[in-house]
Amino acid sequence: MEKLINLIKEKQDRPLIIGIDGRCGSGKTTLSNYLKSVLDCEIIRMDHFFLQTFQRTDNRLKEIGGNFDYERFISEVKNPINNKKDISYQVFNCSTMRLEERVNININKIIVIEGTYSLHPLIEDIYDIKVFVNIDKDKQINRIKIRDGEILLKRFISEWIPKEEEYFKTYNILDKVDIVMEEVVIK
C-alpha cells in the first residue's frame, strides 16, 4: 500500500488516472475506497459498465475481455479523459438491467478506475498508474462465498473466473502494471 501511495504522491503535480484491475474478490473495491478516504479522488467502477441486455450476444460473450460495455466506456470516459474534458456517464444497475443515475466527474482530480477489465487494451492508454490486485485461489473462493453466497459462487467458478483468467492471460495484464498488490485488506 505504501508503495502505491508514494507513487501517487510523486506524480500528484497533475491530475492522475489510476487503473486498478485484478481478480474478483481480491480487494479492488476496498483499495479504491481506501484511496478515496486518504486522497481527494473520484472513483469510476467498471461495474457501472456491464453489458446492457441488447449487447449480450453469443459473439460478444465469447469475446475475450468483452464482458463490459467498452463502447460506452470509450465514449463517456476515455474520450473525455483524452480531450481533458469533464466526465459524465450513466451507471448501469445490474439489478434492474438499466442505465440509471448520471455521474459527473471533474477531470482535474485524481480519478481511480477500478474493476476487472479496467486495463483492457482498448482503454489501457489512459492511465498514469496501473495496479493489479492478486489473491490466492482458496482465499478468493472463500471471499466470494462470504460476499455473494453459495449460488453466485458457483457462477463465479464456472463462468466469471475463467473469463477473467483468460483476459489476464491473453492480454498479459500482469506484465503491463506498475504495481502488483496481494489481497487488499484494510483494517
Side-chain angles (χ1 to χ4, degrees), residues 4-5 7-22 24 26-57 60-61 63-133 163-164 167-168 170-179 181 184:
L4 175 59
I5 297 295
L7 186 57
I8 292 168
K9 287 180 179 177
E10 279 176 29
K11 297 181 179 225
Q12 205 168 358
D13 60 334
R14 63 186 190 280
L16 291 175
I17 311 297
I18 302 167
I20 301 174
D21 206 326
C24 54
S26 62
K28 299 177 299 293
T29 300
T30 299
L31 176 58
S32 65
N33 290 341
Y34 172 77
L35 292 175
K36 186 166 180 69
S37 75
V38 297
L39 303 169
D40 182 22
C41 70
E42 298 287 340
I43 300 173
I44 297 174
R45 303 199 189 281
M46 292 305 288
D47 289 356
H48 295 169
F49 293 89
F50 275 146
L51 292 177
Q52 297 174 63
T53 304
F54 73 90
Q55 295 170 301
R56 295 173 187 237
T57 64
R60 182 59 173 261
L61 295 175
E63 188 179 320
I64 296 170
N67 297 18
F68 78 104
D69 188 346
Y70 51 75
E71 296 91 349
R72 193 165 64 86
F73 187 93
I74 289 168
S75 171
E76 297 179 357
V77 178
K78 180 181 176 176
N79 290 344
I81 287 171
N82 286 338
N83 294 312
K84 297 179 177 30
K85 305 248 187 232
D86 289 344
I87 298 166
S88 181
Y89 72 91
Q90 282 185 277
V91 172
F92 180 76
N93 183 324
C94 292
S95 300
T96 63
M97 298 297 286
R98 299 174 65 161
L99 293 174
E100 295 188 350
E101 74 269 13
R102 183 159 290 282
V103 174
N104 298 301
I105 296 175
N106 183 312
I107 193 65
N108 293 318
K109 296 188 88 162
I110 295 173
I111 299 171
V112 176
I113 300 173
E114 72 87 12
T116 305
Y117 307 112
S118 61
L119 299 180
H120 190 284
L122 291 173
I123 61 174
E124 70 182 349
D125 60 322
I126 62 174
Y127 299 106
D128 299 295
I129 300 172
K130 298 175 186 174
V131 179
F132 187 89
V133 185
K163 283 184 180 293
E164 287 180 358
Y167 154 75
F168 299 141
T170 299
Y171 296 121
N172 300 310
I173 300 300
L174 280 158
D175 295 336
K176 299 178 181 182
V177 300
D178 301 298
I179 297 174
M181 299 179 74
V184 175

Can you name the salt bridge (Lys or Arg N to Asp or Glu O under 4.0 Å) partners of K109, sequence neighbours left out?
-> D40, E42
List the atom of L4, the atom of V131, and the distance in Å for their closest heavy-atom pair.
-> CD1-CG2, 3.7 Å
Which distance, rounded to the nearest 0.5 Å, do you find between the CD1 of I43 and the CD1 of I111?
-> 11.5 Å
When rounded to the nearest 0.5 angstrom, what distance separates OG1 in T116 from CE in M46?
-> 9.0 Å
Is the shortest distance from a Lys or Arg side-chain nitrogen in E71 or R60 to a carboxylate oxygen in the other one below 4.0 Å?
-> yes
Taken in chain and number order and not counting sequence neighbours, the residues that satisfy ring-ring contact (aromatic ring centres under 6.0 Å, His included) with F50 are none
Does a donor on one side chain sit under 3.5 Å from an acceptor on the other, for D21 and Y127?
-> no
Residue pairs meeting ring pair (Phe, Tyr, Trp, His ring centres under 6.0 Å), one or both in residues 94-116, sequence neighbours left out, come to none
Any donor-acceptor pair under 3.5 Å linking the side chain of Q90 with the backbone of E100?
-> yes
Exactly one candidate in V103, I105, N104 meets side chain to side chain contact (heavy atoms under 4.5 Å, CB included) with S88; the answer is N104
Which distance, rounded to the nearest 0.5 Å, do you find between the CD1 of I44 and the CD1 of I113?
-> 4.5 Å
Beyond-backbone contact of Y167 with N67, side-chain heavy atoms, under 4.5 angstrom = no
Where is the tightest heavy-atom contact between G19 and L119, given as atom of each residue plus distance?
-> CA-CD2, 4.2 Å
CD1/I20 to OG/S26 distance, rounded to the nearest 0.5 angstrom?
-> 9.5 Å
Checking D69 side chain against L51 main chain: does a donor-acceptor pair fall under 3.5 Å?
-> no
Using the six-membered ring wherever Trp is involved, compare the ring planes of F132 and F168 and label them parallel, tilted or perpendicular (cut-offs 30° and 60°).
-> perpendicular
State, to 0.1 Å, how close I87 and Y89 come at their nearest heavy-atom pair, and which atoms those are.
-> CG2-CD2, 4.0 Å
Any residue meeting side chain to side chain contact (heavy atoms under 4.5 Å, CB included) with L122, in chain and number order, not counting sequence neighbours | Y70, I74, H120
Could you check if a side-chain atom of V133 sits within less than 4.5 angstrom of a side-chain atom of T30, using non-hydrogen atoms only?
-> no
Distance from I18 atom CD1 to I126 atom CD1, nearest 0.5 Å?
-> 11.5 Å
Heavy-atom nearest pair, K163 first then L61, reads NZ-O, 2.6 Å
Looking only at heavy atoms, the pair that brings E114 and S32 closest together is CG-OG, 3.4 Å
Look only at the side chain of K36 and the backbone of V112, and say whether a donor-acceptor pair between them is shorter than 3.5 Å.
-> no
Kindly indicate, with the supporting measurements, whether the criterion side-chain contact (heavy atoms from CB on, under 4.5 Å) is fulfilled by V77 and I123.
-> CA-CA 9 Å; V77 178; I123 61 174; over 6 Å; no
For residues 170-179, pull every pair meeting side-chain hydrogen bond (donor to acceptor under 3.5 Å, both in side chains), keeping only residues two or more places apart or in separate chains.
-> E124-K176
If you round to the nearest 0.5 Å, how far is CD1 of I179 from CG of L31?
-> 9.5 Å
Under the side-chain hydrogen bond (donor to acceptor under 3.5 Å, both in side chains) rule, what pairs show up with a residue in residues 73-84, not counting sequence neighbours?
-> R72-E76, K78-D125
For ring pair (Phe, Tyr, Trp, His ring centres under 6.0 Å), just list the numbers for F49 and Y117, CA-CA rounded to whole Å, side-chain angles, deciding distance to a tenth of an Å, and then say yes or no.
-> CA-CA 10 Å; F49 293 89; Y117 307 112; over 10 Å; no
